Amino acid sequence: MGQWERFLGPYKQAVDELKVKFRGMRSQFSAEGTTSPIEFVTGRVKPLASIYDKSFEKGIPFEPSEQLARELQDIAGIRIMCQFVDDITTVVNLIRQRDDLRVIEEKDYITHKKPSGYRSYHMIAEYPVETVSGKKTVLVEIQIRTLAMNFWASIEHSLNYKYKGDFPEEIKLRLKRAAEAAFQLDEEMSSIRYEIQEAQAYFSENKEAQNPKIREERERE
């Protein structure tokens, strides 16, 4: 096993475990007949190429070390998507209450958006994983955002890679406009969230009612 594989192993384990746990939260809401604030969850360990770029930017030696683990807080990343802006606050509070991780930093880029127009809620947490060598605590970045925010961020990330952060003025202006349009969409959807959720619940109930296998399971319960 190489040194990078050993170094990144606990981060991969943390991502895998937290994806299961946060997806489990979504299932628990559904089991209780309550609308979940979590739409879906993704996660990743930062690729070596991105770790190299970030370490070069920060002036840190590109090698597995405690300094690298301390300075690069987003080697392990979890992304939680919500349908509505208000759901983000709910998810943030649920994470704060958890006993299996410790939140050490929060950045609210929704109330205080970045100059580019970027919006998201970031939390940095310490998360312990059990390894064959003992307990290892790693830093995990948790991003909570709406689907519209995520769509915009994905496009901006791709363009940033293309232009190396030096956007043409026209593209920069269009991105800002798009960010505001995405946020207005979120606000409009929030204003009719109860109608949307009623429609979604009605759709789910009718789909189940039309499926004989699901109906049989319900009757057994």
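Just so it is clear, the structure is predicted and the values come from calculations on it, not from any experiment.
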Minimum heavy-atom separation for [X] to [Y], with atom names?
X: Ala148; Y: Asp186; answer: CB-OD1, 3.6 Å
X: Phe84; Y: Thr146; answer: C-CG2, 3.8 Å
X: Pro115; Y: Lys176; answer: O-CE, 3.0 Å
X: Trp152; Y: Tyr118; answer: CZ3-CA, 3.4 Å

Can you confirm whether [X] sits close enough to [Y] that some side-chain heavy atom of one is under 4.5 Å from a side-chain heavy atom of the other?
X: Thr35; Y: Phe29; value: no
X: Tyr109; Y: Arg119; value: no
X: Met25; Y: Val91; value: no
X: Pro61; Y: Gln67; value: yes
X: Arg26; Y: Val41; value: no
X: Glu141; Y: Gln73; value: no
X: Arg23; Y: Phe40; value: no
X: Leu139; Y: Glu126; value: yes

So, using salt bridge (charged side-chain N to carboxylate O under 4.0 Å, His left out) as the criterion, who are the partners of Arg174 when residues are at least two apart?
Glu170
Of all residues at least two apart in sequence or in a different chain, which pass the salt bridge (charged side-chain N to carboxylate O under 4.0 Å, His left out) check with Lys12?
Asp16
How far apart are the C-alpha atoms of Glu106 and Arg96, what are their side-chain angles, what is the distance that settles it, and do they pass the salt bridge (Lys or Arg N to Asp or Glu O under 4.0 Å) test?
CA-CA 10 Å; Glu106 297 185 34; Arg96 287 173 181 160; 2.8 Å; yes
Output for pair (Arg102 CZ, Thr137 OG1), nearest 0.5 Å, gives 9.5 Å
Could you tell me the separation between the CD1 atom of Ile75 and the CG atom of Leu72, rounded to the nearest 0.5 Å?
5.0 Å
Mutual orientation of the aromatic rings belonging to Phe7 and Tyr11 [parallel < 30°, tilted 30-60°, perpendicular > 60°]
tilted
Inspect the surroundings of CZ in Phe62 and state if more than 12 heavy atoms from other residues, nucleotides or ligands are less than 6.0 Å away.
yes
The test is salt bridge (Lys or Arg N to Asp or Glu O under 4.0 Å); show your working for Lys113 and Glu180 and say whether it passes.
CA-CA 10 Å; Lys113 65 180 179 181; Glu180 289 309 308; 2.6 Å; yes
